[in-house]
Amino acid sequence: MAHSSFSIILVFLLWCLTIAAGKKLLSHKSRSAITELAPASTDGICSSMVKTQGYTCEEHLVTTKDGYILNMPRIPVGRSKGKPCNRPPILLQHGLFMDGITWLLLPPEQSLAFLLADNGFDVWIANSHGTKYSRQHKSLSINSSDYWNWSWDELVSYDLPATFQYVQDQTGQKLHYVGHSQGTLVALAAFSKDQLPNMLRSAALLSPIGYVGQMTSPLATKAAENFVAEILYKLGIFEFDLKGGSVAKFLRDMCKSTAIDCTNLLTSFTGPNCCLSPSIVNIFLDHEPQSTAPKNMIHLSQMIRQGTLAMFDYENTDENNRHYGQPTPPVYDMTRIPNDLPLLMSYGGADALSDVKDVQLLLESLKDHEGDKLVVQYRNDYAHADYVMGENAKQDVYEPLISFFKLQ
């Protein structure tokens, strides 16, 4: 019965997504030649989520080499203020369907961003392009197909280097890094290409995503097996927006019903989270999920179906040759991550997206890492969302993470 109800919900959500995106498609076609910049938000993360809690916050804009303009809030000091000078900088990178608010969903005494600021770090919060606060581009309209022509490969090649370089330029220091979910995937890929380690002190990867061929999430695997992202892409739907009006209203109304526990919806995607309060799901829905590109979803689906960790496959020899100079996509070789790079990896036994078997495959590729440079934490009861929304994440994950950073 539970699977039947979930199937009905999934079909309804996909139907709403297709209808909403289809309406956008008409707008895309009529406006794709227009060059415009999205207006700056008047309710940015600083004013809506940080300053209201008594913290200092600055809004920074970072332009990538491919023209995307990223919003990056900075919390330079803790709530007790103090001197901002020489605090070690730390960059927080969210995952798929999320934005920088990921790190601010819990109360201040439990949210990682605030905890880091209160523990002497200079906190920078990334927002990947296409999310609510990073929808501008130097020349492309957000309503054009070109704006959404990217996968996580471009986050590796452009977003991450731009944010790293900006933080280093602003602070004059190497930085620490925290990634969750897709935020770990892009970091691992970049580290394997030796792009960022010279700007990095250490990295903590929560729910690490490298290989996903053994993923157990029913929602993610069914979408990949049924080529849902490919279908939307071929229909000309440029923006994969799960927060379209119909979907958001349906979810919010359903979650307010006393008969439905919306943590079960998350379970179908993330695995059975141990430590989420019902109230945190409502807070989550006030801000998330965020948009991504259908091409990004196709890339992730390819990884699920093929069990590979490689660049986007155009599934056409000529196209692959044109983009890569070879008939198949280049792989991201995890064995090329510098063996002396301090890494902390924390994964959960109930995580359906960062499955234990896939994480073990990733760890096997790091077997030559220097023993004192790789710290692995395993939480048997944790699933994917517990790492950013769990009531006990502070003591279970964040306090050990802060201790790790202070040792580097």
Side-chain angles (χ1 to χ4, degrees), residues 45 57-76 84 86-96 98-100 102-103 112-113 116-117 120-131 133-134 136-138 150-206 208-210 296 311 332-334 336-345 373 401-402 404-405 408:
I45 290 177
C57 191
E58 307 165 358
E59 299 274 2
H60 292 254
L61 294 178
V62 180
T63 302
T64 66
K65 286 186 177 180
D66 55 347
Y68 291 90
I69 302 171
L70 312 179
N71 172 276
M72 190 160 59
R74 178 191 193 184
I75 309 174
N86 296 322
R87 287 173 168 248
I90 187 163
L91 177 65
L92 308 182
Q93 177 63 59
H94 61 82
L96 182 67
M98 303 289 280
D99 65 359
T102 295
W103 310 105
L112 181 58
L116 288 165
F121 292 91
D122 180 2
V123 180
W124 297 76
I125 302 174
N127 288 282
S128 296
H129 65 255
T131 58
Y133 300 105
S134 296
Q136 298 185 62
H137 192 279
K138 288 173 64 177
W150 54 269
S151 80
W152 61 263
D153 283 335
E154 281 67 37
L155 304 184
V156 173
S157 298
Y158 300 108
D159 276 32
L160 215 55
T163 54
F164 267 63
Q165 190 65 60
Y166 186 88
V167 172
Q168 187 180 54
D169 289 347
Q170 291 291 310
T171 64
Q173 300 184 58
K174 292 185 176 183
L175 55 144
H176 299 289
Y177 178 88
V178 182
H180 175 247
S181 189
Q182 184 177 265
T184 71
L185 173 62
V186 295
L188 288 165
F191 299 163
S192 75
K193 295 172 69 176
D194 203 24
Q195 286 183 333
L196 305 174
N198 63 332
M199 291 187 279
L200 189 65
R201 297 189 192 205
S202 64
L205 308 178
L206 310 180
I209 298 287
N296 190 41
M311 299 185 76
Y332 291 103
D333 185 354
M334 295 294 98
R336 298 189 64 182
I337 294 174
N339 292 336
D340 60 349
L341 175 63
L343 295 175
L344 181 149
M345 291 194 185
K373 300 295 185 182
L401 178 152
I402 291 169
F404 168 78
F405 283 141
Q408 310 309 318

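For the residue pair Gln195 and Ser157, no side-chain donor N or O sits within less than 3.5 Å of a side-chain acceptor on the partner.
In this view, His94 satisfies the ring pair (Phe, Tyr, Trp, His ring centres under 6.0 Å) rule with no residue, not counting sequence neighbours. Applying the ring pair (Phe, Tyr, Trp, His ring centres under 6.0 Å) criterion to Tyr332, with sequence neighbours excluded, gives Trp152. For the salt bridge (Lys or Arg N to Asp or Glu O under 4.0 Å) test, residues two or more places apart in sequence or in another chain that qualify with Glu58 are Arg74.
A tilted orientation is assigned to the rings of Phe164 and Tyr177, their planes being inclined by 30° to 60°. In this pair, Tyr68 and His129 present their aromatic rings parallel. The plane angle is below 30°, not in the 30 to 60° band.
For Tyr158, the OH atom sits in a loose shell: 12 or fewer heavy atoms of surrounding residues, nucleotides or ligands are nearer than 6.0 Å.
Checked options Ile209, Ile337, Val156; the residue passing with Leu188 is Ile337 (criterion: side chain to side chain contact (heavy atoms under 4.5 Å, CB included)).
Between Ile75 atom CD1 and Arg87 atom CZ the span is 11.0 Å, to the nearest 0.5 Å. One distance of note links OG1 of Thr102 with CG of Asn127; it measures 8.5 Å at 0.5 Å rounding. Atom CG of residue Leu175 and atom CD1 of residue Ile90 lie 8.5 Å apart, to the nearest 0.5 angstrom. A distance of 8.0 Å separates CG of Leu160 from CG of Leu155, quoted to the nearest 0.5 Å. Taken from CD in Gln93 to OG in Ser181, the straight-line distance is 10.5 Å, to the nearest 0.5 Å. Of the inter-residue distances, the one linking Thr163 atom OG1 with Ile125 atom CD1 reads 13.0 Å to the nearest 0.5 angstrom.
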Start with the C-alpha distance between Leu96 and Asn296, add both sets of side-chain angles, then the distance that settles side chain to side chain contact (heavy atoms under 4.5 Å, CB included), and finish with yes or no.
-> CA-CA 10 Å; Leu96 182 67; Asn296 190 41; 3.5 Å; yes
